[in-house]
Structures are given as C-alpha cells and as structure tokens.
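Reviewing the structure listed below.
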Amino acid sequence: MITDKNNFFKLDTNHTTYLFHVLESGHLEHLYYGRKIRCMDEYRLLQEPHAIGMAYTVAHDQEDTAFCLDTLNFEASGVGKGDFREPLVDVVLPNASFTTDFLYHSHTITDGKPALTGLPASYGEADDCQTLEITLRDAALQLDLILSYTAFPACDVIARSSRIVNHSCDGIKLRRAMSLQLDLPDKDYTLVTFDGNWGRERRRHDRPLEYGISVNDSKTGNSSSRHNPFVMLRRENCTESSGDCMGFNLVYSGNHAEIFDVSTYDRVRVLTGINPFAFGWELKPGDSFQTPEALLSFSTEGLNGLSRRFQRFANDHIVRGEWKNRERPVLINNWEATYFDFDEDKLVAIAEAAAPLGVELFVLDDGWFGVRNDDTTSLGDWFVNMDKLTHGLHGVCQRVLSLGMQFGLWVEPEMISEVSELCRKHPDWAVRVPGRTPSLGRNQMILDYSNPAVCDYIVDVLSQVFSSCQLSYVKWDMNRNMSDVYSAHSGEGEFYHRYMLGLYGVMERLTTAFPHILFESCAGGGNRFDLGMLHYMPQNWTSDDTDARERLEIQRGTSYGYPLSAMTCHVSVCPNHQTGRTTPISTRFNVAQFGVLGYELDLTQLSPDHRKAVTEQISFYKEHRKLLQFGDFYRFERPEQENAYCWMVVAPDQSEALMGYYRVLTQPNRTSELLIAAGLADDKLYDVDVIVQPMHLDEGGQAVFCGNTEKDHFCAYGDILTHAGFRPKQASSSHYGNSDAMRLMGDFSSRLYYFKAKKQ
Ligand code: GLA
C-alpha cells in the first residue's frame, strides 16, 4: 500500500496512486495523483527539471540559482522563500518575521491509523489502512510540520492532516494551518461546489478554474449550507457515469476554506482546512497544533464513481458506534404538526395515529422545556414545561412506548435565550463582545463552548434529561450563525476553533455515555451537514424544506459527498409549509424514501386514502430499507432539460435495485422516455416491476386514488438495462382516454422501478 524507497514515496489504493519524493534541498516534491500506475524508479520521469533559472523568480539557494520554489509542485509550502502561491502554513514570530522553510527530517510508516486528539477523524484497523507520517523541520525556527497520510485501499480514499510542533523557546503565532495541500500539474479542471442557504441547501454549481484564486468557504462558525466543505474537480468531459474527477472533504464542522490557486505557470494548488479568516493560535514552547482531517479521492468512473467512494467511506470509516451500518427507524416528528402548540394528549393522539401505520419512533421536537411557547425564550433551561407535559417527559414517553413505538427528543444545547434562567444566572456564558449589544439570530445567542465550565454544565444537564425517560433518539439542533464573537477563554483568533473543540468534547462524552441513542444532527435544516458531525451523529436533517420538488435538487446535491444513510427525509403535508406547493403523496414518498424516511405532519388529519397510502409506503420502505439506506447510489444526468430527475440505488451484490423517476411539470404530446439503468450486473437476469401508488390530484388539489392501476413487469439482462435501457409505457398528462396501456404522469408525478435478480 505505502512504499518508500530512496526518499521516494508511493501510496497505492485499489484504483489510485499518489507519488512524491524528497528533493536534494529537502523539500517534498509532489509528482502524481490519479489512476493507479506501476511506478518505482520511473518516478524520475515526473520530476520537474530545473536546470535553467526562470526569469524574475527568487532562487531558493544561493548555490543553485536555477532552483526556485515558485515553479515546482509541493506537498507543503510555507511563506517567504520565493513560492508566491497560497501557503499551507503561515506563522509569525515574536520579532514579527514570518519566513518559514520546512525540509524533510524523518518519516514512519505504520499499519492502521492513530486517532486525532480532540477531533473527529476517520478510523481503520491494521488491515484497512496504512499511515505515513513525514516530519518536516524548519531548523532556524525549531518548528516541525508533521504531514500525515493514511491510505484506505478499498475505498480509494487518502486521509490527510498536518500537525505543527513548536520546539523553540519562543512563543509562535499560527496565522494559518491548513490540512491538505495538493499541487496539480495543469489547470484544466471544472470546480464543482455545493452552495445554498436555509431551505435550498447544497445545490450543485460548476465553473471552470481560472487564473487567480477561487475560494469555497464558510465564516459563519459552522460548516454552513452556504458552501459545503465537499468540493470536486472534474475534467471537462467527465459526466455522472464516466471520466476523471477528484473530490475533497473535511472531517470538520467549523469555518472552513477550500482554496484553488491557479498560477500563471498553469498549475493549481488546492488547499483545504480551517478558514484562515479570523484564525490565529498561540503556540507556546512545546505546544503543538493538530489540524482537522482532510479527505481526498479520485475516480475514473465519473462523478457517481467518486460519490460511491465517499459514501462507502462515510459509512465504514466515519460513522461509529451502535448505529454504524444499522438500519434506522421510520419516525414521526411533531414539529410541522403542532409547532409550539401542544400538550401531552395532542402528542399522544399523533403517536396513536402513527403506530398502526407502521411508524417506529415518535420524536418530540422544540417547545417541551422552560416556558418556550415561541422562539423568543428558554434555550438553556433544559427542564420540562409541566404545563404542557403534565406528567413530564416520562409520562409522554411511557404512553408512546405503550403503543409499541420508541421515543425521541429535540434539543438545542449550543444556544442561550436572553430570556432564560440560564442567562440570568450566567450572563457571561453567552457569546458577546463586552460593551456591545449583541446581534441575535432567531432571537438567541451562542453558548460559549470554548469555556470548559459551560461544556461540563451541558453534559451534566443533558445527561439528566437523557436519563429521565427511555430515550432512543435525540435530534441535536443549532439554529443560528455566529456573530459578536468574543470569549475570555480564547486568545486572538482562537474562538471559532476552540468552540469546535469544546463541542466535539461534549458530543464525545454524551455519545459515549448513551451509546444506544440514535443521534441526528440538525442546524436550521442542513446548515451543518458535514463529516465532523457524522462522526458523532450518524444521520443529519437534510433541510427544513420538505417540498418534494425542492428535495429532488437538495438530496441530489447532498448525495455527491454523503451517503443515503446520513440524509433524513420527511414526508410532510400539502400545501407544503415552505413553498406552498402541492405534490402527490406518492411523489413525496418516492423522493423521501431515498434516505432515512420519516413523516412530519398531523397524522390525525389524514384522509382514509392517505392512511392507506402511508401504510403501504412504510411497509414497502421497511422491506427495502437496507437497500435504500446503504445501497450504492447512482444519479443520472438530468433528463429532458431538467424537467425530470432520475436516480437509482443498487445493492452492493447487485441482487436488487430501485430506480426513482420524477417528472417536474407535465407536458402533453411526448413520446415515452428511454430509461437507462446503472450499476446492475451485465449477466444477471432481472425481474423489473413498476411500483405505483396511483394517486393524483383532483381539481381541488386533493390527492385521490385514480382508476389507473398501471402494471408493468418484464424480464431483462443487466447489460440490456444498463447499456441500452428500456421504455416504460407512454405517459399521458390528463385523465382523458385513460387506459392500462399508458401511465398518467401529471405535474410532480413519479414512478419507481424495482429490479430483482433471478436466482441462477
Ligand atoms: C429548526 C429545525 C426544525 C425544527 C425547528 C424547531 O428549524 O431544522 O426541524 O426542529 O428548528 O425550532
């Protein structure tokens, strides 16, 4: 997997190779990252010749005027010795100088992977992965930069991080400490990012890399839905199903930056890690700083191939504990059903309506504590509101359990309301700048998790809540971005990262103390959807926007970097609370089932038709849950000018698969689509069935069962289905002339196709 020979390093995974070597000067020259190649001594072919001094450059070495750092590719770069690109590390010394030059000192190769102290990180056993640690030293400063590389062959992922150790007798200030540097030899890439905001998270955007610097980042104090830390570089001809691409992600939930510096020598430097914006860290003599972990993967099988690598990696090497690769329950959440207006009987009525439908878990959302009847008060007061829940959490929990369902609870422990007992007692625990009126977000302030006393308090108070009834699930919310950042517990530039270290410490303690609880992370929908959170909490609320049409785009975007098991998806009421749109309940389910399914509506109000539909949906989902949560996911290029969506999930052994086809707006007078499957085994014979819940909207916008019982069944080999495709029955946009030979496909309609391999 990892070989070293004469100062030449080769990291192999099953399908990729990463190469670099130590130059005579001691710098690490990056040579190659891409599809797997055989390479030992031939690596010299890849070395950058530097016999002639380039014009207007700074020679690193007085004895070798042709050797200039600006024109080579490196594994790690500092500042001030002639490399004018963005650096991996930037420090400032007490005398205000900031030149650094990190040169090879030593290295080790070990089986497995050490943990990163205080930070979430990927993990693996000795037979899963191997780790190379290279120590670079700036002898003049007595400063070490330790680069860590772990190769995970089966997933084709390389995990990287940096550690900076101050061996000098002086304090040093870090101004930047990034996790990964990758210098690529050409700039012919399209950058793909996932951008958005509340209610419209992680929409894919593509643009060609150009000269200068492009930055994808977050300054909100969390990983943010504005720009997710997962990004890709693809070659121009790379599609969902073929072509070369590489992806980068961070195992981190705070301010991040992905920097693409395209030099006028036509090279790209990629840097990922903590955002240098407003960052600083005091390194006293003997101190070290560990960066978060960065992940890197490469695929020749298009964007789907890259997604599969990251999805498997998250399931196998990021998510931990009892819920790792374990099927997640179908839940009902009361938020959109009641908002803050509930009592024990109202909640139990929803649970009573849910149990016979097959729902397995009842989740009590916001409003159960303090005097919280709207979003202006009580965050921090984690004791039960006995006016609403007259028999406490225990009372409502017992009634839910007696229905044969599990009980779950919402908390938002990183926040403090100005109107709360906690704020009256500990005004200094709220993050704000002395002498300034704090700006509020959703009427609340951030609790200072850089203060160890706050963290201890939260662990104590939540431990009491979590032990007060038989709790199976916790939804951990975080409903504002950070402002007015200051803490007496953080030095200049340190707050954002110290906050994250405090938060990770709290999560580590609580998830260890309550290993059976399924934690779901949430941040005003999907404002903190990242691998740092997934390390502690195996699933994440994808978006507050539950509109099926919007969810097509949100879930599609999220799937590029994250597994279906991480995405929670709810069927909610129509007209939808976020968009006012009405979509058929079959489509709401057909979208939500590709992920972890839940319902979030007042089930006591369901019509008999809808009760029947939901019962069928849940039973179908349970039958195929493993496939839908842990299968290999394939997206198709958006057919019909984005008026339709199609995706598919395939069992890893290719024994079964489900395809979802979604029509956005209907159009008359169309021929039947050609649907082409993906991921099936060429030589397996599949039974293919259309799964249809024939519900359509009546003139008043209400969903009703319609007479069309559309049945379609056929048998075909995987090679026909994946290389040639199949045509479903012709679609009609209206009820006129309705017959079994056609499909009724109105606005926002959808179909499922189930593929089952015959026993051979
Ligand atoms: C956030 C969450 C919602 C809900 C509310 C409660 O917006 O994303 O799902 O829990 O908070 O206040």
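Keep in mind it's a predicted model, so treat the numbers as computed, not measured.
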Q: Apply the side chain to side chain donor-acceptor pair (under 3.5 Å) test between Asp101 and each candidate in His60, Arg137, Lys81; give the one that qualifies.
A: His60
(Q) Is the positively charged end of Arg235 above the ring of Tyr189, judged by distance under 6.0 angstrom from the centroid and angle within 45° of the axis? (A) yes
Q) Angle class for the His317/Tyr123 ring planes (parallel below 30°, perpendicular above 60°, tilted otherwise)? A) perpendicular
Q: Please say whether the positively charged group of Arg176, taken as NZ for Lys or CZ for Arg, lies over the ring of Trp281, i.e. under 6.0 angstrom from the six-membered ring centre and within 45 degrees of the axis.
A: no
Q.
Is the distance between the ring centroids of Tyr536 and Tyr504 under 6.0 Å?
A. yes
Q: For residues Ile446 and Tyr499, determine if any side-chain heavy atom of one lies less than 4.5 Å from a side-chain heavy atom of the other.
A: yes
Q) What orientation do Phe67 and His27 show, parallel under 30°, tilted 30 to 60°, or perpendicular over 60°? A) tilted
Q) Would you call Thr220 and Arg226 a side-chain contact if the rule is heavy atoms closer than 4.5 Å? A) yes
Q) Can a salt bridge be assigned to the pair Lys113 and Glu293 using a cut-off of 4.0 Å between side-chain N and carboxylate O? A) yes
Q: Please report the closest heavy-atom contact between Leu116 and Thr291, naming both atoms and the distance.
A: CD1-O, 3.9 Å
Q) Could you state the interatomic distance from CG (Asp530) to OG (Ser521), rounded to the nearest 0.5 Å? A) 7.0 Å
Q: Apply the test side-chain hydrogen bond (donor to acceptor under 3.5 Å, both in side chains) to residues Asp448 and Ser487: give CA-CA distance (whole Å), side-chain angles for both, the deciding distance (0.1 Å), then the verdict.
A: CA-CA 7 Å; Asp448 183 3; Ser487 167; 2.6 Å; yes
(Q) Do Leu191 and Ser214 have side chains that approach each other closer than 4.5 Å (heavy atoms only, starting at C-beta)? (A) yes
Q) Rounded to the nearest 0.5 Å, how far apart are OG of Ser253 and CG of Leu503? A) 7.0 Å
Q: Could you tell me whether the side chain of Val89 reaches within less than 4.5 Å of the side chain of Thr100, counting heavy atoms only?
A: no
Q. Under a 4.5 Å cut-off applied to non-hydrogen side-chain atoms, are His489 and Pro452 in contact?
A. yes
Q. Short question: side chain of Asp70, backbone of Phe84 - any donor-acceptor pair under 3.5 Å?
A. yes
(Q) Test your reading of the model: is there a side-chain donor-acceptor pair from Asp206 to the backbone of Val192, 3.5 Å cut-off? (A) no
Q) Quick one: are the ring centres of His107 and Phe9 less than 6.0 Å apart? A) yes
Q: Kindly indicate whether the side chain of His256, heavy atoms from C-beta on, has any atom under 4.5 Å from the side chain of Ser223.
A: yes
Q) Can the ring centres of His30 and His21 be said to be less than 6.0 Å apart? A) no
Q) Does any N or O in the side chain of Asn228 come within less than 3.5 Å of the main-chain N or O of Arg202, such that one atom is a donor and the other an acceptor? A) no
Q | Flag, side chain of Ser97 to backbone of Leu93, donor-acceptor distance under 3.5 Å | A | no
Q: With rounding to the nearest 0.5 Å, note down the distance linking CG in Asn275 to NZ in Lys219.
A: 6.0 Å
Q. Is it true that a side-chain atom of Asn222 and a backbone atom of Gly254 form a donor plus acceptor pair closer than 3.5 Å?
A. no
Q. In Å, rounded to the nearest 0.5 Å, how long is the span from OG of Ser162 to CG of Leu136?
A. 9.5 Å
Q: Could you check Leu143 against Val165 for side chain to side chain contact (heavy atoms under 4.5 Å, CB included), going step by step and ending with a plain yes or no?
A: CA-CA 6 Å; Leu143 195 62; Val165 188; over 6 Å; no
Q) Would you say the side chain of Leu174 lies within less than 4.5 Å of the side chain of Phe279, judging by non-hydrogen atoms? A) yes
Q: May I ask you to check whether Tyr252 and His535 place their ring centres under 6.0 Å from each other?
A: no
Q | Inter-residue atom distance Leu180.CG - Ile259.CD1, 0.5 Å rounding | A | 11.0 Å
Q: Evaluate ring pair (Phe, Tyr, Trp, His ring centres under 6.0 Å) for Phe310 paired with Phe230, printing each intermediate quantity in order.
A: CA-CA 10 Å; Phe310 278 105; Phe230 177 68; 5.1 Å; yes
Q: Please name the residue in the list Asp183, Thr71, Asn73, Asp261 that meets the side chain to side chain donor-acceptor pair (under 3.5 Å) test with Arg267.
A: Asn73
Q: Taking the six-membered ring of Tyr211 (Phe, Tyr or Trp), confirm whether the NZ or CZ of Lys187 is under 6.0 Å from its centre and within 45° of its axis.
A: yes
(Q) Between the side chains of Glu494 and Lys173, is the shortest nitrogen-to-carboxylate-oxygen separation below 4.0 Å, so that they form an ion pair? (A) no
Q) Taking atom NE2 of His50 and atom CG of Leu23, what is their separation to the nearest 0.5 Å? A) 5.5 Å
Q: Decide yes or no for Tyr33 and Leu296: does some side-chain heavy atom of the first lie under 4.5 Å from some side-chain heavy atom of the second?
A: yes
Q: Decide yes or no on salt bridge (charged side-chain N to carboxylate O under 4.0 Å, His left out) for Asp83 and Arg269, but give the supporting numbers first.
A: CA-CA 11 Å; Asp83 183 339; Arg269 169 165 297 168; 2.9 Å; yes
Q.
Give me the atom names and distance for the closest heavy-atom approach of Leu501 to Gly118.
A. CD2-O, 3.7 Å
Q) Below 6.0 angstrom between ring centroids: does that apply to Tyr18 and Tyr32? A) no
(Q) Between Asp456 and Val454, is the side chain to side chain contact (heavy atoms under 4.5 Å, CB included) condition met? List the steps. (A) CA-CA 5 Å; Asp456 288 346; Val454 170; over 6 Å; no
Q: Determine, using ring centers only, whether Tyr486 and Phe495 are less than 6.0 Å apart.
A: no
Q.
Could you check whether Arg175 makes a cation-pi contact with Phe98, meaning its NZ or CZ is under 6.0 Å from the centre of the six-membered ring and within 45° of the ring axis?
A. yes
Q. Which atom pair, heavy atoms only, marks the closest approach of Phe74 to Leu69?
A. CE1-O, 3.2 Å
Q: Would you please indicate if the ring centroids of Phe529 and Tyr562 are separated by under 6.0 Å?
A: yes
(Q) Between the side chains of Arg308 and Glu240, is the shortest nitrogen-to-carboxylate-oxygen separation below 4.0 Å, so that they form an ion pair? (A) no
Q.
Show the nearest heavy-atom pair for residues His205 and Arg203, with the distance to one decimal.
A. ND1-O, 3.2 Å
Q.
Measuring centre to centre across the rings, with the benzene-like ring taken for any Trp, is Phe313 within less than 6.0 Å of Phe152?
A. yes
Q: Taking all non-hydrogen atoms of both residues into account, name the closest pair between Val58 and Gly82 and its distance.
A: CB-CA, 3.9 Å
Q) Shortest non-hydrogen contact from Gly273 to Met178? A) N-CE, 3.6 Å
